[in-house]
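Okay, so here's the structure we're looking at.
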Amino acid sequence: MKSLSLPLISLSLVLAACAAPGPTLYQRLGGAPVVQIVVDRTLERAAVDERTRRSFDGIKLGAVKESLAAQICSISGGGCRYEGETMAKAHKDSKIQPREFDAMVDMLRQELDRAGVDAGPKNELLKLLAPMKRDIVTSSR
Ligand code: HEM
């Protein structure tokens, strides 16, 4: 009995490790169509919202939309390759303030809700983006 249980336990551990992985965060967010609509709406709002719009003056929104969607796809296991600038480089000239960052994240959170993304994947995505604050925010005012 004893000699049988060890191989059985080993076998079940191997089987558990080989079990099909769950859906990626990208899939749980709703995949490409949902991520794109959330990104588009967030950036369209950020470009006109009085709290954030100054940085978007003269910026071609289409390119930023595409790039942000690729970045979110890349960090959430969607298999895309992000080919844009580092966060520090992309935002350096804007001298973004903490309150501008927070306003943008608020808009993103609202748009994730509006698109019907569940709290789980929503918060996981926001958690992945939060550490970028230290590279994006370069003004203390
Ligand atoms: C978690 C927060 C943020 C993320 C993940 C993010 C991500 C990005 C990405 C991926 C790009 C494109 C970079 C490239 O293609 O090279 C970008 C560009 C840009 N972002 Fe952000 N961003 C964030 C916060 C903000 C905030 C708070 C503002 C302003 C209030 C802002 C304003 C801009 C502007 C104006 C550009 C275009 C820069 C240019 O083309 O010169 N971003 N961002």
Side-chain angles (χ1 to χ4, degrees), residues 2-141:
K2 231 180 182 174
S3 59
L4 203 91
S5 59
L6 190 60
L8 266 182
I9 290 169
S10 312
L11 179 65
S12 47
L13 284 177
V14 168
L15 286 176
C18 295
T24 62
L25 174 57
Y26 191 61
Q27 287 169 323
R28 286 184 292 122
L29 287 165
V34 172
V35 168
Q36 195 64 62
I37 199 91
V38 167
V39 164
D40 290 357
R41 286 170 172 169
T42 303
L43 287 172
E44 271 156 30
R45 281 178 63 179
V48 296
D49 190 295
E50 59 181 13
R51 298 169 298 168
T52 47
R53 68 181 174 210
R54 68 161 187 96
S55 303
F56 292 90
D57 213 25
I59 294 292
K60 286 204 181 87
L61 223 46
V64 186
K65 284 176 178 174
E66 207 176 297
S67 199
L68 179 56
Q71 185 196 42
I72 289 176
C73 170
S74 162
I75 63 173
S76 66
C80 307
R81 188 205 292 257
Y82 170 67
E83 293 181 326
E85 292 290 357
T86 62
M87 289 300 90
K89 219 170 172 187
H91 301 92
K92 185 166 69 76
D93 294 343
S94 297
K95 298 199 169 40
I96 292 171
Q97 302 163 0
R99 62 168 175 266
E100 292 176 309
F101 183 92
D102 296 342
M104 175 98 143
V105 170
D106 256 1
M107 289 182 249
L108 176 60
R109 185 181 287 117
Q110 286 171 4
E111 292 305 335
L112 286 161
D113 282 340
R114 184 179 164 201
V117 173
D118 289 341
K122 174 181 67 176
N123 291 329
E124 272 178 58
L125 176 65
L126 294 172
K127 243 188 207 163
L128 288 176
L129 298 176
M132 296 178 184
K133 186 170 183 174
R134 68 176 81 97
D135 291 327
I136 292 172
V137 171
T138 51
S139 165
S140 53
R141 285 182 302 117

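Whatever order the structure lists them in is the order used to number ligands and atoms, beginning at 1. Hydrogens, waters and symmetry mates are skipped; everything else that's a heavy atom, side chains included, is used.
- The closest donor-acceptor contact from the side chain of Arg28 to the backbone of Asp118 lies at 3.5 Å or more, if one exists at all.
- Although no hydrogens or angles enter the test, the distance criterion places a donor-acceptor pair under 3.5 Å between the side chain of Ser76 and the main chain of Ile72.
- Checked by atom type and distance alone, the side chain of Glu100 pairs as donor or acceptor with a backbone atom of Gln97 at under 3.5 Å.
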Which N or O atoms of ligand 1 sit under 3.5 Å from a protein N or O, and how far apart is each pair?
residue	atom	partner	partner atom	Å
ligand 1	15 (O)	Ser67	OG	2.6
ligand 1	16 (O)	Glu85	N	2.8
ligand 1	20 (N)	His91	NE2	2.8
ligand 1	22 (N)	His91	NE2	2.9
ligand 1	42 (N)	His91	NE2	2.9
ligand 1	43 (N)	His91	NE2	2.8

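- No donor-acceptor distance shorter than 3.5 angstrom exists from the side chain of Glu66 to the backbone of Ala63, with no hydrogens or angles considered.
- Asn123 contributes a side-chain N or O that, together with a main-chain N or O of Ala119, makes up a donor-acceptor pair within less than 3.5 Å.
- Judged purely by atom type and a 3.5 angstrom limit, Thr52 uses its side chain to pair as donor or acceptor with the backbone of Ala46.
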